[in-house]
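Letters go in sequence order (proteins before strands), and every chain restarts at 1.
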There are 2 protein chains.
Amino acid sequence: MSQLPTLRQLQFLIALAEHGSFSRAAEAVFVTQPTLSAAIKELEMTLGTVLVERGARGAVLTHAGEAVLERAQRVMAEAEDLVIAAQAAGEPLSGPFRLGVIPTIAPFLLPKVLPTLRIKHPKLEVFLREDLTERLFDGLRERRLDAALVALPYESPLIETKSIWSDEFLFACTPDHPLAGRKTLDPSMLEDEPLLLLEDGHCLRDHALAACSTGTARSDFAATSLHTLVHMVKSGLGATLLPRMAVDAGLVDQMGLEVMPFDPPVAGREIGVAWRKGSARAEEALQLGEAIRESLTGQA
Amino acid sequence: MSQLPTLRQLQFLIALAEHGSFSRAAEAVFVTQPTLSAAIKELEMTLGTVLVERGARGAVLTHAGEAVLERAQRVMAEAEDLVIAAQAAGEPLSGPFRLGVIPTIAPFLLPKVLPTLRIKHPKLEVFLREDLTERLFDGLRERRLDAALVALPYESPLIETKSIWSDEFLFACTPDHPLAGRKTLDPSMLEDEPLLLLEDGHCLRDHALAACSTGTARSDFAATSLHTLVHMVKSGLGATLLPRMAVDAGLVDQMGLEVMPFDPPVAGREIGVAWRKGSARAEEALQLGEAIRESLTGQA
DNA sequence: GCGATGCCATAGCTATTATCTATGGCATCA
DNA sequence: TGATGCCATAGATAATAGCTATGGCATCGC
């Protein structure tokens with residue numbers, strides 16, 4: 001069995017590749033140039049291959065160096081994951097946690113949930129990022145996020161999800177709408193009803209359309225947020241579907257709109273937590289989802 | 001940024017988990033018990049978590065320890081891959097190379113190819129393993145093999161392939177067969193022709209059936225190798241399809257059988273090289289395939 | 001009970017090596 | 001042709017990885 005390189009050596013190689021010069025790379029990793037120089041030489045010795053072409057204008061990786069660099073980055077990333085996983089396993093739901101939330105959930109869920117979360121997990125520091133599902137998932141894949149709250153179903157490679165809450169859709173319209181005044185509604189009644197929806201890219205748009213397969217979207221107008229959406233409904237541009245969570249949070253209060261549920265089986269969307277497959281904080285993501293569910297049922 | 005653990009510490013942890021005792025683990029990695037003890041303690045310090053429960057009857061990993069262990073094994077595997085990749089990049093096609101070959105290729109291809117390979121790449125030490133495709137692919141996934149020569153198409157997760165050679169199918173029958181004496185053959189002529197084939201599991205069986213979609217396999221007899229197959233044909237049990245490579249290698253010499261090609265477009269199978277996705281020797285696998293192709297065309 | 005045994009932790013020492021400072025050689029560029 | 005920037009080497013030192021010896025503490029067999 002051949003000798004293994006040191007993580008430190010790999011770290012130095014990565015810095016060297018990044019900065020293209022022994023001296024600057026050394027500076028970047030807070031050692032002196034001879035130290036880094038010796039470490040790279042040592043690495044080349046243990047690997048039995050020249051990794052770097054030294055020149056007067058700096059250093060360039062050889063072909064073998066590039067191959068090693070790629071794997072070195074993987075090894076370092078795995079090692080860093082290990083550290084995070086260890087900390088997470090030692091004390092779950094503590095420390096900085098980068099959570100993405102989609103815009104149709106964030107303003108209605110977070111005010112309810114964050115205070116309880118802060119009490120139950122005082123060591124947890126939640127950093128929030130609001131964005132569309134696809135971009136949140138990109139963030140998960142690129143390790144910029146630890147977890148995300150999104151609406152399901154939503155398939156995406158390398159992403160795993162767990163549903164934590166069912167969010168029912170409600171029909172919203174002006175009082176002079178033909179369907180106004182009803183207690184409940186059947187999706188089939190929305191046939192030929194031009195629905196006002198969010199812009200393309202918002203998963204709520206697709207989920208709403210899926211919920212009432214008979215309804216059609218107005219193609220001439222679309223809203224950029226749920227708040228503007230209800231205002232557009234109010235001004236007579238059409239009816240829409242709203243998540244109950246948003247209505248409960250007071251989205252349509254004092255708007256003078258009619259809001260009614262559907263007959264069972266109730267149409268809706270699932271709210272769930274998502275994480276990168278193999279993430280060091282996958283377990284924590286699940287626990288966070290559970291904590292959110294509890295805090296929702298606790299004060300529902 | 002938190003301090004990273006050492007590969008050595010991870011190695012110690014893996015040994016400890018495997019042996020369940022500090023003393024025996026230490027022995028296994030050729031250090032003394034206090035050394036390993038100190039290293040594990042140091043690891044626990046840098047991770048900020050207790051990984052091991054010390055008891056009088058040995059050591060057991062904590063929950064966090066299990067989580068770290070799993071990732072530690074990944075990191076170590078990646079690091080070992082890095083070493084191999086470096087050596088491969090430094091001097092491709094050298095050193096030990098574990099090559100799997102399916103039984104319907106091995107006896108006919110290897111005698112042609114291995115001698116040239118030995119001359120062109122004298123430092124390459126090829127270790128051969130003959131088995132069915134699926135088991136070879138298992139070997140690739142479990143890192144017991146570096147590459148495999150198989151017949152394509154053959155989809156399998158985590159496996160990548162590259163075709164290197166087209167192997168035409170030939171029709172073989174006894175001289176008293178109705179189709180005997182023809183120059184060429186159309187697949188449609190095999191309708192209702194009961195074909196004698198290899199046992200289930202051999203991809204050649206499936207590829208042969210795919211080549212002539214009209215033909216049907218005899219379900220009462222099946223051969224375990226191409227050599228027994230031709231003997232069974234000879235004894236009148238039925239006709240069959242043989243890869244040209246095997247015929248060229250003398251499979252039916254002095255057997256008194258009729259062998260004829262198909263009309264274009266010629267039916268056949270692709271012979272290709274396969275490797276584990278992300279393998280440290282993926283590049284070498286490709287090069288090996290290229291070398292084999294060259295050695296085939298060189299003396300075809 | 002009570003040594004005997006096996007296991008892990010600690011202490012103190014040593015050898016190794018990682019890192020630093022200082023310096024030299026060698027290209028490139030003004 | 002000096003000046004500059006870059007990497008390699010040398011020598012000294014601090015950090016640490018490892019070893020030997022030993023102690024404490026359970027468990028087990030008698």
Name each donor-acceptor pair under 3.5 Å that joins a side chain in residues 71-78 of chain A to protein atoms two or more places apart or in another chain, with its distance.
| unit_1 | atom_1 | unit_2 | atom_2 | d |
| --- | --- | --- | --- | --- |
| A:R71 | NH1 | B:G278 | O | 3.4 |
| A:R71 | NH2 | B:G278 | O | 2.7 |
| A:R71 | NH2 | B:S279 | O | 3.0 |
| A:R74 | NE | B:E78 | OE1 | 3.3 |
| A:R74 | NE | B:E78 | OE2 | 3.4 |
| A:R74 | NH2 | B:E78 | OE1 | 3.4 |
| A:E78 | OE1 | B:R74 | NE | 3.3 |
| A:E78 | OE1 | B:R74 | NH2 | 3.4 |
| A:E78 | OE2 | B:R74 | NE | 3.4 |

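- Comparing A:S23 and B:Q9 against DNA chain D, the residue whose closest nucleotide sits nearer the 5' end is A:S23.
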Could you go through the side chain to side chain donor-acceptor pair (under 3.5 Å) check for A:E270 and A:S166 one step at a time?
-> CA-CA 5 Å; A:E270 294 287 314; A:S166 281; 2.5 Å; yes

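- Residues of residues 32-45 of chain A having a heavy atom closer than 4.0 Å to DNA chain C, listed by number: A:T32, A:P34, A:T35.
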Using distance only, find each side-chain donor-acceptor pair of residues 28-36 of chain B under 3.5 Å and give its atom names and separation, not counting sequence neighbours.
| unit_1 | atom_1 | unit_2 | atom_2 | d |
| --- | --- | --- | --- | --- |
| B:T32 | OG1 | B:T35 | OG1 | 3.0 |

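- In terms of the side-chain hydrogen bond (donor to acceptor under 3.5 Å, both in side chains) criterion, A:T224 has no residue partners (sequence neighbours excluded).
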Give the table of side-chain donor-acceptor pairs shorter than 3.5 Å for residues 153-162 of chain A, with sequence neighbours excluded, one pair per line with atom names and distance.
| unit_1 | atom_1 | unit_2 | atom_2 | d |
| --- | --- | --- | --- | --- |
| A:Y154 | OH | A:E134 | OE1 | 3.0 |
| A:S156 | OG | A:R141 | NH1 | 2.9 |
| A:E160 | OE1 | A:W275 | NE1 | 3.1 |

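- For residues 34-50 of chain A, the pairs satisfying salt bridge (Lys or Arg N to Asp or Glu O under 4.0 Å) are A:E44-A:R54, with sequence neighbours left out.
- Heavy-atom distances to DNA chain C give each of A:A56 and A:F12 a nearest nucleotide, and the one nearer the 5′ end belongs to A:F12.
- Applying the ring-ring contact (aromatic ring centres under 6.0 Å, His included) rule to pairs touching residues 35-62 of chain A yields nothing, sequence neighbours excluded.
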Solution key, residues 63-70 of chain A side-chain donor-acceptor pairs under 3.5 Å, sequence neighbours excluded:
none

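- D:dT9 atom C1' lies 13 Å from atom CZ of A:R54, rounded to whole Å.
- In terms of the ring pair (Phe, Tyr, Trp, His ring centres under 6.0 Å) criterion, B:F22 has no residue partners (sequence neighbours excluded).
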Pick out the pairs of N or O atoms, protein on one side and nucleotides 11-13 of chain D on the other, that lie under 3.5 Å.
none

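- Bounding nucleotides for the chain B contact on DNA chain C, 5' to 3', at a heavy-atom distance below 4.0 Å, are C:dC7 to C:dT10.
- A:S23 meets the side-chain hydrogen bond (donor to acceptor under 3.5 Å, both in side chains) test with A:S21; sequence neighbours excluded.
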